[in-house]
Amino acid sequence: MLQISELADGQQYPTGALYVVATPIGNAADITVRALHVLGLVDRIAAEDTRNTAQLLARYGIAKPLIAVHEHNERSAAERVIEHLRSGERLACVSDAGTPGISDPGARLVDAVRAAGFPVIPLPGASAVVTALSAAGAWVAGFTFVGFLPAKPKQRAAQLRTLANHRMALVFYEAPHRIVETTRALAEVLGGDRQLLIARELTKLHESLHRCTLAEGPTWLEGDANRQRGEFVLVVEGAPELEEADDAHDALLATLLEELSVKSAARIASTLTGASRNMLYDRALRLSKQQEEE
Ligand code: SAM
């Protein structure tokens, strides 16, 4: 029988290449055999935070020269990486946790390395988005990964409005200090009825996966301070069939228009349904013109 470490040997590992290596998102055991093989093989490692990576590598008995490649120096650090590739070295790129380039540095480095004519070789592994989705259930068919929403309420609401009619499930990353505020904003803009999965501290000691509606989300989080601690992935059900939603909106708007102006009807319908006020205004305007013509 093959030794586990020999499993990774059956492949070519070209020199002068950048290996993009996923590392664990909390549990040090969640690293692949091939990732360990490549981290042991490369000449140096480009890391988001060299101290974190040195500590992680030490747990696997690996020590390598490290190059800091973070949000603020990705372009200049890419030049150093390319110099090493030019001299025939193999380099790996890792982030602090999970898959590089996914809400983490790495994408610009990949662009620069490819533009300089060197191969970029991805090694799959942990990522919080896929880990949460794997345990979400059948209500998530397709999905759109949004990552972090803007921190400022106005910009956050504006971005959410652009996603309000999106049919696929939406996946967000969020930090503990904004988790309640963000779930509340999601319910306000997308409506309270959609399914929500709150995936917290995945792969860690205090892992929890809680499913509820968007309206219930903030209340559940506020029910216990411990529920607001740690790292979060939020998975939100996609928008309902447009026709169904449109019919429901039109029925509500038609009733409101009996007593109110187009503007007020749209505002109240938006408060009641969580749907976009602009979209409801357009529908209300069309309905009121139709009513005038009849
Ligand atoms: N590159 C990483 C990946 O592949 O998932 C993501 C890095 S991003 C800077 C960090 C965010 O990912 C956290 O704020 C949280 O939203 C999410 N995240 C990372 N690890 C997580 C975990 N163990 N449980 C839940 N969410 C996690």
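Quick note: numbers below take in every heavy atom, side chains included, and nothing from hydrogens, waters or symmetry partners. One-based numbering, in listed order, for ligands and for the atoms of each.
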Q) Would N27 and T203 count as having a side-chain donor-acceptor pair, cut-off 3.5 Å? A) no
Show me the donor-acceptor pairs, under 3.5 Å and distance only, between side chains in residues 54-62 and residues at least two apart or in other chains.
{"from": "Y60", "atom 1": "OH", "to": "A28", "atom 2": "O", "distance (Å)": "2.7"}

Q. Remaining members of F172's ILVMFWY cluster at a side-chain heavy-atom cut-off under 4.5 Å?
A. V146, L149, L160, L163, L170, I179, V180, L186, V189, L190, L196, I198, L214, W220, L221, F232, L234, V236
Q | Contact residues of ligand 1, where a non-hydrogen atom lies under 4.0 Å away | A | I25, A97, G98, T99, I102, S103, D104, S127, A128, F148, Y173, E174, A199, E201, L202, K204, E231, F232, V233
Q. How are the rings of Y173 and F145 set to each other: parallel, tilted or perpendicular (split at 30° and 60°)?
A. perpendicular
Q.
Could you work out, with salt bridge (charged side-chain N to carboxylate O under 4.0 Å, His left out) as the rule, every residue matching E74, not counting sequence neighbours?
A. R108
Q) Within the side chain of R194, is there an N or O that forms a donor-acceptor pair under 3.5 Å with the backbone of P240? A) no
